[in-house]
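Quick notes on the structure that follows.
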Amino acid sequence: MALSWNEIKDRALHFSKEWADTSNEDADAKPFLDAFFEVFGVPRKKIGTFEHKVKKINDADGYIDLLWKGTILIEMKSRGKNLDRAFEQAKDYALGLKAHELPKYILVSDFYNFRLYDTEEKTTSTFQLPDFVNHVQLFGFISGYQKKTYKEQDPANIKAAELMGKLHDRLEEIGYTGHSLEVYLVRILFCLFAEDTTIFDKQQFQDFIEQRTAVDGSDLAARIQELFQVLNTPKERRFKNLDEQLADFPYVNGKLFEEILPTASFDTKMRQALLDCCYIDWSLISPAIFGSMFQSVMNPKERRNLGAHYTSETNILKLIKPLFLDELWSEFHNIKDNKNKLPEFHKKLSTLKFLDPACGCGNFLVITYRELRLLELEILRAQYKNQLATSIEQIIWLDVDQVYGIEYEEFPARIAEVAMWLMDHQMNMQISQEFGQYFVRLPLKKSAKIVHGNALQTDWEDVVEKKDLNFILGNPPFIGYAWQSQNQKNDMASVFSDIKGSGVLDYVSAWYLKSAKYIQETKIKVAFVSTNSISQGEQPAILWQTLISVYNIFIHFAHRTFSWSNEAKGNAAVHVVIIGFANFDINKKLLFEYENIKGEPHEIIVSNINPYLVAAKNVFIQKRTVPICNVPGINRGSDAIDDGNLLLSKEEKDLLCKESPEVEKYVHPFLMGREFLNNIPRYCLWFKNAELSTLRNSPKLYERINKVKEFRQKSQRIQTLKAAQFPSLFGEERQPDSDYLAIPKVSSENRVYIPIGFCDKNIICGDKLFYLPNANSFHFGIITSKMHMVWVKNTCGRMKSDYSYSNTIVYNNFPWPENPAENQVKNIEEKAQKVLDVRLAFPNSSLADLYDPLTMPPALVKAHIDLDKAVDQAYRSQPFTSEAKRMEFLFELYEKYTADLFTKEKKKKKSQI
């Protein structure tokens, strides 16, 4: 298993310090490179050879300092030597290598300056020894990480969307709205694309507007209406005396211009807005963003209700590459020199079929089709190398009818069809340029099959028979159960039927189950972008136990949580996962891990990916009311349910005690998660066992208590209505009788450790805190350890990206050390106390200050590191080399503990019979 990036960085820092003072006399490439490769946990001897002999161009012998065949060539020079010459020397050496030995990377160094050249990407990275720690990701391939990069978004898409937004707004202002406006804009967009991509003559649409309409826009709507009719009419059926410019437009067909729309109305500004759209070069705009443009002009609330999500090309590629594209390219490279196998592979490509059952405006399908066409182009290049193709029309076998979609709204469905035609045309133009023959598919004859309907209520076999389908992909809507409409809840119920606990699942999970049912006994592969909640908290045990145990589903690849955002205006980042699965198993599975959720992933080959997207056995962590280990039970703090009337700020507390001094003994410090973490003073009125006379004789108190009663009486919740009978008490009272250990329910994902701490029993614990009564320093040490944090990170739910701690899922299922020795317990207690002592040295700092990853005091960092080592030793003597290893160990321990519990419960039942 590869080292984690944190471990690699620690080694890199040590390496830099160790070799910082190297002089020319001490410079020896062998120990230097041995130490360099040890940074990445790989012994140099296993991968490369020193002084690799090679024949140079002049037939003289050369010696490469280190060669890892097929991966990296390293040339070392003395301190201060010219690296340009070293690089030229390395390239000369490479020319003497065999094809399979050619390196992907060339590294030259003088023991202080480093220059890494990527021979495939043609990029160079330079840095110096002290800055090595910030560049270790460049060498991830040494540890088995493969850095994946994807195409950047074109800013022209954003400008185009904004201009179309302005035109939309002006049309809407004059009263041209609804379905007519939407279809109108789709047609305008088609014309804008068409004149810049050779469907029309260059600037044909722009010239028509500028030369055939008045500057004030008074006749523009009528002329556009006339154009739409012409585009829908075959040339032989057009009027003989038609305006020459109109007559020159081609017949489009495809039903795009078939519907008769109400005539719009334009003025000077609106005409100019349309011309501004014409002035953009639409050949630079990706048809994949064709539909997404409308995001900036649709109502955000409607988008959420209709489940319309727009995914960037970058994230689409993250899905389709491991789903099918990488494998197809690999197959092509294996047969590209075999003229007999190329047609067979080409035929296979032309028969592949794809379904997006929540296709929106077709982004996934468009990018999928584009990538397939690019591969087809490479096939044709290889097949017709050094010879002329007789007819482009006969050698292009891929067409838009290979893709299928289901979309809830009709408007995006029609956009998806148009976007597919536009992408098809762009790819035809690319092949035309390659072979020197112009080819355009007009009039349009084939189209993508995009069905307007509810995917969860539609029989997918009616869209495409599963015997013909190869891949299902997309970005179904993710909506938490609390946000689902009644119709969406009905959809969930129809898909999940009587599956216990499914009511808490995210809406996207229905696509997983429906896909699992559809692909039974097939080789169809599926991949979806989804909210990360389906692999965290309570959802995996419900969803994935059904998928794996009932429908025999295997996860083939997965991107762990990353931040998804796209170029659409105002789009907030969402934390998502990508999961690829099928009804059959494979040996090598791909797990994409993110050191930074906003960065690029690193690919690791694993034998299994479990529902928590961890390289470990399949386990299902169920909700539990008691811990699986013999440790103190955990509980949630008290909930006032008071509309704020039993809670006090410091100012309110001071004023109340001044006006009614007899109340002061009932005022207690009160903590929720925010107050606990940030040392914010807050108080509550705690009237448990209070004297009734005190409550009745204080008008201020009496008024507050009465408001609590009124508030609770308005509730529809039975428990709250019952609590209205006791308005002076908290609605849900769970205050411990002893001092306790407090754990915030929500904590930032940026913290290395969730800040926890001991509290006095007189401090009222609110419901945004969990507490352990009668906890000691051993319990504190385990819960604040790296082992526990790794468990939290992989099993807890999230509030956005922040940790949402859980008693029933996280704590009660956490595997504590198995029978730790007395000296191990004592060691943990001592190291835990050290953490608490260091905190006391910063009396003016809150827990949020102390555990901020950027400002965490070095003494506290060291105390935690020492504590982590003590906790690790209680689990096993062998160190954990990575987070993945920790999780694998914890899952195995969890399996053991829960199997023992099952055995004990079984024996208990037998004894009761």
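What you see below is based on every heavy atom in this structure, not just the backbone, and it leaves out hydrogens, waters and symmetry mates. This structure is a prediction, so every number in the text was calculated from the model and none was measured.
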Could you tell me which non-hydrogen atom of [X] sits nearest to which non-hydrogen atom of [Y], and how far apart they are?
X: Leu323; Y: Ile472; result: CD2-O, 4.1 Å
X: Ile395; Y: His346; result: O-CE1, 3.1 Å
X: Leu328; Y: Phe345; result: O-CZ, 3.4 Å
X: Gln383; Y: Pro343; result: NE2-CG, 3.4 Å
X: Val529; Y: Asn475; result: O-OD1, 3.5 Å
X: Val577; Y: Asn532; result: CG1-CB, 3.7 Å

Return the set of residues passing side chain to side chain donor-acceptor pair (under 3.5 Å) with Gln225 (not counting sequence neighbours), or none when no residue passes. none
I want to know whether Tyr184 and Phe228 have ring centres closer than 6.0 Å. yes
For the aromatic rings, using the six-membered ring if either is Trp, is the centroid distance between Phe324 and Phe354 under 6.0 Å? yes
Is it true that atom [atom1] of [X] has more than 12 heavy atoms of other residues, nucleotides or ligands lying nearer than 6.0 Å?
X: Lys235; atom1: NZ; value: yes
X: Gln457; atom1: CD; value: yes
X: Tyr481; atom1: OH; value: no

For residues 514-527, which residue pairs pass the side-chain hydrogen bond (donor to acceptor under 3.5 Å, both in side chains) check, not counting sequence neighbours? Glu327-Lys525
Give me the ring orientation class for Phe584 and His556: parallel if the planes are under 30° apart, tilted from 30 to 60°, perpendicular past 60°. perpendicular
Aromatic ring pairing Trp544/Tyr512, orientation class (parallel under 30°, perpendicular over 60°, tilted between): perpendicular
Is [X] reaching over with its side chain to a backbone N or O of [Y], donor-acceptor style, under 3.5 angstrom?
X: Glu195; Y: Gln206; answer: yes
X: Thr458; Y: Asn454; answer: yes
X: Asp506; Y: Ile479; answer: yes
X: Glu376; Y: Ser350; answer: no
X: Arg271; Y: Ile209; answer: yes
X: Gln488; Y: Tyr507; answer: no
X: Asn583; Y: Tyr551; answer: yes
X: Glu172; Y: Thr177; answer: no
X: His452; Y: Tyr408; answer: yes
X: Asn490; Y: Gln486; answer: yes

CG on Leu380 to CD1 on Ile396, rounded to 0.5 Å: 7.0 Å
Please lay out, stage by stage, how Leu505 and Ile534 fare under the test side-chain contact (heavy atoms from CB on, under 4.5 Å). CA-CA 8 Å; Leu505 295 176; Ile534 67 165; over 6 Å; no
Can you find a pair of side-chain heavy atoms, one from [X] and one from [Y], that are under 4.5 Å apart?
X: Phe200; Y: Leu231; value: yes
X: Phe496; Y: Ser509; value: yes
X: Gln245; Y: Arg223; value: no
X: Phe193; Y: His425; value: no
X: Ile367; Y: Arg370; value: yes

Salt bridge Glu344-Lys347, side-chain N to carboxylate O under 4.0 Å: no
Between Lys348 and Glu331, does the salt bridge (charged side-chain N to carboxylate O under 4.0 Å, His left out) criterion hold? Intermediate values first, please. CA-CA 11 Å; Lys348 170 185 172 179; Glu331 185 176 350; 2.7 Å; yes
